[in-house]
Structures are given as structure tokens and as C-alpha cells.
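Below, each value reflects all heavy atoms present in this structure, side chains not excepted, and no hydrogens, waters or symmetry copies.
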Amino acid sequence: MKRTRLFCVLLAAAMLLSLAACGKDDPKESNSLQIGDYALLYKGASIMEDSDGNDALVLTLDFTNNGKEATSYLWAVSEKVFLDGIGLNTATVLQGAESGEAVTEAQLTEIMPGKTIEVKSAYSLPDGDKKTLEAEFSQLLGKKKGILTIDLEDALP
């Protein structure tokens with residue numbers, strides 16, 4: 001009888017521990033970030049040519065507004081991208097040869113609460129080895145932060 005109770009207690013403890021572990025994500029493995037009232041889903045990166053003919057990194061994200069008011073990505077989230085600990089400058093990458101619009105245009109679009117929009121960000125890439133970078137996202141008017149680690153080998157054409 002005592003063995004059965006002990007077995008049941010141990011089994012219950014094991015089940016609780018496994019359920020608790022299911023809710024935890026390894027932040028380095030996750031493509032999604034919660035930044036205050038906003039959710040970001042990293043969809044990928046590509047290396048494109050900027051308006052000066054140099055290599056530029058273009059990040060693609062889904063931005064979801066879970067706040068109470070309409071807002072744009074540009075007014076909700078601040079981002080910084082680092083390669084080997086050194087910040088990258090923003091770049092201008094055009095959507096097409098005949099279009100004068102930059103890939104970053106969607107960052108200005110206001111969306112209502114509960115809505116999602118795809119946004120892109122472009123950064124100049126220095127010459128040399130292109131390995132891993134970190135993209136840091138934070139609330140524009142807050143303290144919440146999240147970091148994504150991106151392998152540039154996956155972005156190469």
C-alpha cells in the first residue's frame with residue numbers, strides 16, 4: 001500500500017514537472033517575441049542590394065498590435081542590429097526597379113488592435129565574413145526587450 005502511494009506521488013510529481021517544462025521556450029530557439037503589448041514573429045532574413053549597390057540585410061517580421069489603440073511598428077518598437085557587437089546602419093533597399101518605395105514602407109502603416117502586418121527592416125552589411133548577428137527589439141516607450149540571434153548563412157542567396 002505504501003509503495004503504491006509513493007509510486008503515485010512520484011508519478012504525479014513527474015507529470016507536474018513535465019507540464020511546467022512545456023510552457024518554457026528557449027529564447028534562442030524561438031522566432032517569436034512579446035514586447036509589451038506587441039508581438040513579433042521573425043520570418044526570415046535575406047541579403048539584397050541597397051540603393052548604392054552594396055550588400056544589405058533585410059529582416060522580415062510579422063508585427064501584431066495587441067495594444068488598446070491603433071499604432072504603427074515604427075511608433076511601437078525600437079530595433080538595433082549588431083554584427084560581432086557592432087551596430088549596423090540602416091540601409092535603403094527598394095522594392096523594385098520601377099518603384100521608388102523602400103522595403104521599410106510598411107513600418108509606417110498604422111494597424112488596429114488585434115491586427116498583424118508584415119514589416120521589413122534593412123541594414124548595411126560591411127564587407128568580410130558574414131556570420132551571426134543579434135537583433136534587439138524594445139518598446140519605444142517602455143522597458144520590455146527581446147533579442148533574436150540570426151545566422152547570416154541562412155540569408156545568403
Side-chain angles (χ1 to χ4, degrees), residues 18-157:
S18 67
L19 286 174
C22 288
K24 294 183 180 177
D25 289 331
D26 181 358
K28 292 182 181 177
E29 296 296 323
S30 178
N31 286 341
S32 62
L33 299 171
Q34 188 66 39
I35 311 294
D37 290 337
Y38 313 107
L40 301 177
L41 175 65
Y42 171 69
K43 295 172 70 177
S46 59
I47 296 176
M48 302 175 75
E49 192 174 282
D50 70 10
S51 60
D52 295 327
N54 300 314
D55 282 347
L57 174 75
V58 177
L59 300 177
T60 303
L61 307 160
D62 274 347
F63 166 68
T64 302
N65 177 6
N66 293 318
K68 295 179 181 173
E69 298 177 8
T71 193
S72 67
Y73 176 80
L74 192 62
W75 284 104
V77 177
S78 172
E79 65 181 41
K80 299 174 190 173
V81 177
F82 300 91
L83 180 63
D84 295 328
I86 299 171
L88 299 180
N89 294 321
T90 58
T92 301
V93 175
L94 300 178
Q95 290 186 25
E98 56 281 336
S99 171
E101 291 184 8
V103 296
T104 57
E105 292 291 322
Q107 289 185 4
L108 299 168
T109 303
E110 285 199 9
I111 60 172
M112 297 294 292
K115 298 297 180 183
T116 300
I117 188 170
E118 183 179 88
V119 295
K120 295 184 180 190
S121 301
Y123 292 90
S124 298
L125 282 175
D127 291 331
D129 279 346
K130 296 172 177 69
K131 295 185 180 173
T132 301
L133 61 85
E134 286 190 342
E136 179 183 285
F137 302 90
S138 57
Q139 284 177 296
L140 193 60
L141 300 172
K143 296 181 181 182
K144 302 285 184 185
K145 272 187 192 185
I147 295 176
L148 292 173
T149 302
I150 300 165
D151 184 357
L152 287 179
E153 292 294 322
D154 297 337
L156 293 173

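- The backbone N or O of A102 sits less than 3.5 Å from a side-chain atom of Q95, completing a donor-acceptor pair.
- Among all heavy-atom pairs drawn from A106 and I117, the shortest one is O-CD1, 4.1 Å.
- Screening residues 33-55 for ring-ring contact (aromatic ring centres under 6.0 Å, His included) gives Y38-F63 as the qualifying pairs, with residues at least two apart or on separate chains.
- Residues L41 and N31 form a side-chain contact, since some pair of their non-hydrogen atoms from C-beta on lies under 4.5 Å apart.
- Between atom CG of residue L133 and atom CD1 of residue I150 there is a gap of 5.0 Å, rounded to the nearest 0.5 Å.
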**OP:** Decide side-chain contact (heavy atoms from CB on, under 4.5 Å) for I111 and T116; before the verdict, give the C-alpha distance in whole Å, the side-chain angles of both, and the deciding distance to 0.1 Å.
**Re:** CA-CA 7 Å; I111 60 172; T116 300; 5.7 Å; no
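- When every heavy atom of T104 is checked against every heavy atom of A122, the shortest pair comes out as CG2-N, 4.0 Å.
- For the pair L88/P126, a side-chain contact is recorded, criterion being any heavy-atom separation below 4.5 Å from C-beta on.
- Between S46 and V58, some side-chain heavy-atom pair lies under the 4.5 Å cut-off.
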With a cut-off of 3.5 Å and sequence neighbours excluded, list every side-chain donor-acceptor pair involving residues 136-148.
residue : atom : partner : partner atom : Å
Q139    : OE1  : K143    : N            : 3.2
Q139    : OE1  : K144    : N            : 3.1

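- Here A56 pairs with D50, A91, V93 under the side-chain contact (heavy atoms from CB on, under 4.5 Å) rule; sequence neighbours left out.
- Judged as a side-chain contact (heavy atoms from CB on, under 4.5 Å), and not counting sequence neighbours, D37 has no contacts.
- Remark: E118 engages K43 in a salt bridge (charged side-chain N to carboxylate O under 4.0 Å, His left out) (not counting sequence neighbours).
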Side chains of residues 74-83: which donor-acceptor partners sit under 3.5 Å, not counting sequence neighbours?
residue : atom : partner : partner atom : Å
E79     : OE1  : Y73     : OH           : 2.3
E79     : OE1  : S121    : OG           : 3.1
E79     : OE2  : S121    : OG           : 2.6
E79     : OE2  : Y123    : OH           : 2.5

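- Taking the side chain as every heavy atom from C-beta outward, V119 and Q107 approach each other to under 4.5 Å.
- Counting only distance, with no hydrogens or angles, the side chain of E134 and the backbone of G85 share no donor-acceptor pair below 3.5 Å.
- Taking each heavy atom of Q34 and G36 in turn, the nearest pair found is NE2-O, 3.0 Å.
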